[in-house]
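Below, read A as the first sequence line, B as the second, and so on, with proteins coming before strands; counting in each chain starts at 1.
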Amino acid sequence: MGACEEVEDPSFSILTEEIVNVSGERAIVLGRLIAFENIPFQDHGFYFSRNESFDQPIILSLGETSRPGRFLGEVDGLELGVGYFVKAFGNKDGEVIFGNTLSFQTLNPALQRFAPMTQFPGEEISIFGINFGDDTEVFFDGQKAQVVEVAFGFQIRVRVPPMLGNPTVELKIITRGIELIAAEPFNYATGVYENLGVVIEDFVLIDNIFFQQGNRFFAGLGRDIANRPSNHIWEYSPGQSAWQRTSFVGDTQRKATNSRTGYFGGGVQEPQLGGDALNDNFWFFDGNSFNAIPSPPISIVDGLGFMAQGRFYIAGGTFGIGSQVYRYDPATSMWQLRPNLPYNVDKSMVHFVHNDLLYIINKDKALLRYNLETAQSTLISEYPGPFIENFSDTGGLSVVVGDKVFIGLYDNNEDMWELDMNTLIWSRKNRFSGPNRGRIAAFFEHEGILYFLRYFSINPRMEFWKFDPNGF
Amino acid sequence: MKRFLKIGWLLSLVLLTTCIDKFPFTSDLPPRILNIEGYLTTSPKAHQIRLSRADIFGPEFNGLNRPEQLATVMIKDDLGNVESLNEVSPGIYLTNDNFAAQVGRSYNLEVILFDGKRFISRPELAAPVPEIDSVTFQSVRTPSLDRMNDEIGVQVIAHFQDPADEQNFYFWNILPSDYQLIGEPELNLNGPNHPTCPKCPNPLDCCKVCYVKEVPRPLNIFVAEDDEFNGIYQRRVIAYLRDNGIRFKGIFRLDMQHMSISQDAYRHLRLIDQHLRLNGSVFDLPPANIRGNMLNVEDQEDQVLGYFFVADERPIRIYIDESKLEYVLRPRTLIPTTCLAFRGSGMTTNPPADWNPQ
């Protein structure tokens, strides 16, 4: 009976089951050891090779095992964009047993986009694409940049190197010897600020109006930081050494609404006993003199004013209905009620007109486009800078230059941004180089250069600055 | 003789008591297995992956499925494109708003937990789904455990041509759906503590029709493979909605997904459906963890629950009007007050913006 017993080796199979995932230089492969009992293997894993004969294979060893079941192996350091063969193996008592052979193709890298497209030197940008290797290098016009991280083969975080002269540079990466160039150039943040040192003597403008006609800048009314009301309007032209007082003869007028083009009015006048007195006078500067125009049917304080289609609009404000809109037509000298805005607005909100459409940035940073004819409002973008409620979410400037709008310098904030109205892409500009705890009182534009009056509550004063958006 | 009998009784009593010996036993707590739920379809939207830890589920205690937070979650395609998901709430990870799978591409879900453990799904192919020609519905009456009352429900039927030259696996998924909740405010009564007239009629003017969103329960999983109907035109039940006396008092708007899935996903969903149908009989399947398609890259013994699948999707939306049903559950459930008071929050008298039963 005993002689009839025969010890047989347990039967088993090794299977190369599936290529789980392949990227540029990595592959994850699934194998399986099929058996009805535990079988000791001194080693198991996968062989990878560029050819089916598996000469000079890459051996991925997963070590000893005895349990039947699946095993997973990940190999890296493969060549990009080439074919590979793989087979599972098991080493039992010195004999290497192989499974079936599968094949796969590693992937080629590609550069898809990077963001942000404008950045400061020393800050980071992210480059997105596919199948980046761990050895990826990034160059800005030939200048090698510090790669902070290559994350999972699809995102490169890179620190922008110093600008060597040209603010617009080619962005190139080299991964596993393959060179890739971004379709769009990278832009360094530009913009140069200059304090012109030209001040309005002994006055800090608050709650004021401002407007521009050609190269003539006007600012005035409002009050001083010492709460002295004013009925003065000053004028300045680029190149002059001082602001000149104009011949305006109206009453004091604070928190007036202005079109930025020469129409202004409303608000309140010199404080009276029992509170502010409304001032419903409206004016237009025709280039030579200030002329009174009819008052609108409503009183408006801190209203939002703008010109569109050659007509003067007033809207909202902090007195009365905050969404009401009236339009003054110079051709008929008549005011006309227009559809209410779908939200309340006031003068503290950045707004501008482009192609006769009104744009408003609300206190949630939403950029809203409002069609004055159809009364439709659309959310189109978001202001990318930070807002702090009741601290840096009011004030600011917005200057339209062609299809670009420069927006920023909110209260107590130094950020400046450029918005491309065709692509709605925001680009950083250099931060304001003066003290940031200030507020914009007036802003103008001449030949692509921005000018602005900014006042400071600490060491009360007002400064007149020039900003060249393309300077570096 | 009597004495012997007494002794015998006493002996047997002693023997019996000594035989009953309490065996101290405490079962091991099951490991809190990682649970990965989510799927990707060809519809552009924010697709969701949910990560949690499985916990005890039983008659005495149901554990909390705690979310798995701070994980890195990515969906990769076979070209190397990577979609990184953002954690929008604990354990809930979303793609970008307009992300969608492409038919013909295969996808892996990769998850790296905060503790560094890395998981990857087996590749899932987005196979094209046959178009649906139409969707109809019919009410059905089926015998129930209650001998006095049959169960009434609505079958939703899809009409489509199954392609002959390929193997197809289908999954019909019910989404949260809106329906009209009909109240009877004219039957309102004063409360029992009313100072002058308790429980007296006090008809209300408002509100008779409210709108509610729900996923109809009980939930069944409707899947199919075309082994038995390959190439044959289908008139197939793809959903069943039980009439609970409230759901079909007005108009029910059913939102569903008609999807193609892989063979492995089909098997997984079918097993889940079988588990959902367990009712405690001797013919039930033994309950067990269902192995999904997620693999721990470093430790193959680590079990993960859940299955990541990819599907080509066609949305389905039908309005089921009570007036078009042959049977409805009688008597209807009355809501003798404003419908707004029925379930508290979430009830509104405004229909959804895209409500269009015509």
Side-chain angles (χ1 to χ4, degrees), chain A residues 17-33 44-45 60 62-63 65-76 78 80-81 88 102 104-113 126-133 149-157 175-176 178 180, chain B residues 36 40 70-86 93 95-99 102 105-113 116-126 262-265 267 289 291-304 307-310:
Chain A
E17 195 164 281
E18 189 172 29
I19 310 294
V20 174
N21 181 259
V22 178
S23 63
E25 56 181 7
R26 293 169 189 265
I28 299 175
V29 187
L30 186 65
R32 188 189 284 243
L33 175 59
H44 73 301
L60 178 64
L62 300 175
T65 188
S66 59
R67 279 186 67 166
R70 286 173 176 156
F71 53 94
L72 202 66
E74 181 176 26
V75 66
D76 62 5
L78 302 177
L80 301 174
L102 298 178
F104 63 89
Q105 181 94 13
T106 55
L107 303 172
N108 277 314
L111 195 165
Q112 294 169 332
R113 65 186 175 90
S126 290
I127 302 170
F128 298 92
I130 55 174
N131 306 311
F132 296 137
E149 182 187 23
V150 180
F152 310 110
F154 79 100
Q155 182 183 11
I156 306 166
R157 284 172 51 212
T175 182
R176 294 279 170 196
I178 297 175
L180 302 166
Chain B
I36 298 179
L40 172 67
L70 301 173
T72 303
V73 182
M74 293 170 286
I75 295 174
K76 298 178 169 180
D77 73 9
D78 56 357
L79 296 177
N81 293 304
V82 179
E83 174 72 8
S84 181
L85 284 78
N86 299 312
Y93 299 82
T95 67
N96 290 315
D97 287 343
N98 291 312
F99 185 64
Q102 304 292 319
R105 301 255 70 88
S106 68
Y107 295 84
N108 298 92
L109 174 68
E110 186 167 339
V111 175
I112 302 167
L113 301 185
K117 284 185 180 175
R118 184 165 158 235
F119 301 85
I120 191 164
S121 75
R122 299 178 73 172
E124 279 282 306
L125 178 71
S262 66
Q263 186 172 18
D264 287 341
R267 284 187 190 136
N289 288 340
R291 185 178 285 272
N293 66 341
M294 296 297 299
L295 304 163
N296 184 323
V297 176
E298 282 89 27
D299 178 9
Q300 284 80 62
E301 303 300 322
D302 189 4
Q303 193 179 3
V304 185
Y307 194 101
F308 169 73
F309 66 89
V310 181

Practice prompt. Can you tell which part of B:Asn108 gets under 4.5 Å to a heavy atom of chain A, answering side chain, backbone, both or neither?
Written response: side chain

Discussion item. Let's test your reading of the structure: which of B:Leu295, B:Leu79, B:Ile120, B:Asp78 forms the most heavy-atom pairs below 4.5 Å with chain A?
Written reply: B:Leu79

Practice prompt. Could you look at B:Glu301 and say if it's the side chain, the backbone, both or neither that has a heavy atom under 4.5 Å from chain A?
Written response: side chain

Discussion item. Does B:Ser84 form a side-chain contact (heavy atoms from CB on, under 4.5 Å) with A:Phe152? I'd like the steps, not just the answer.
Written reply: CA-CA 10 Å; B:Ser84 181; A:Phe152 310 110; over 6 Å; no

Worksheet item: Relative to chain B, which segment of A:Leu62 carries a heavy atom at a distance below 4.5 Å: side chain, backbone, both, or neither?
Response: neither

Worksheet item: Does any heavy atom of chain B fall under 4.5 Å from the side chain of A:Gln155, the backbone, both, or neither of them?
Response: neither

Worksheet, complete the sentence: Between the CG atom in A:Leu72 and the CZ atom in B:Arg122, the distance rounded to the nearest 0.5 Å is 9.5 Å

Item to complete: Counting only heavy atoms closer than 4.5 Å, note whether A:Gln105 contacts chain B via side chain, backbone, both or neither.
Response: neither

Worksheet item: Which answer fits B:Ser106, side chain, backbone, both or neither, if we ask what part of it has an atom under 4.5 Å from a heavy atom of chain A?
Response: neither

Worksheet entry | Chi angles and distances behind the side-chain contact (heavy atoms from CB on, under 4.5 Å) call for A:Arg67, B:Gln300 | CA-CA 11 Å; A:Arg67 279 186 67 166; B:Gln300 284 80 62; over 6 Å; no

Practice prompt. Measure across B:Gly80 and A:Leu107 and return the closest heavy-atom pair with its distance rounded to 0.1 Å.
Written response: N-CD1, 3.5 Å

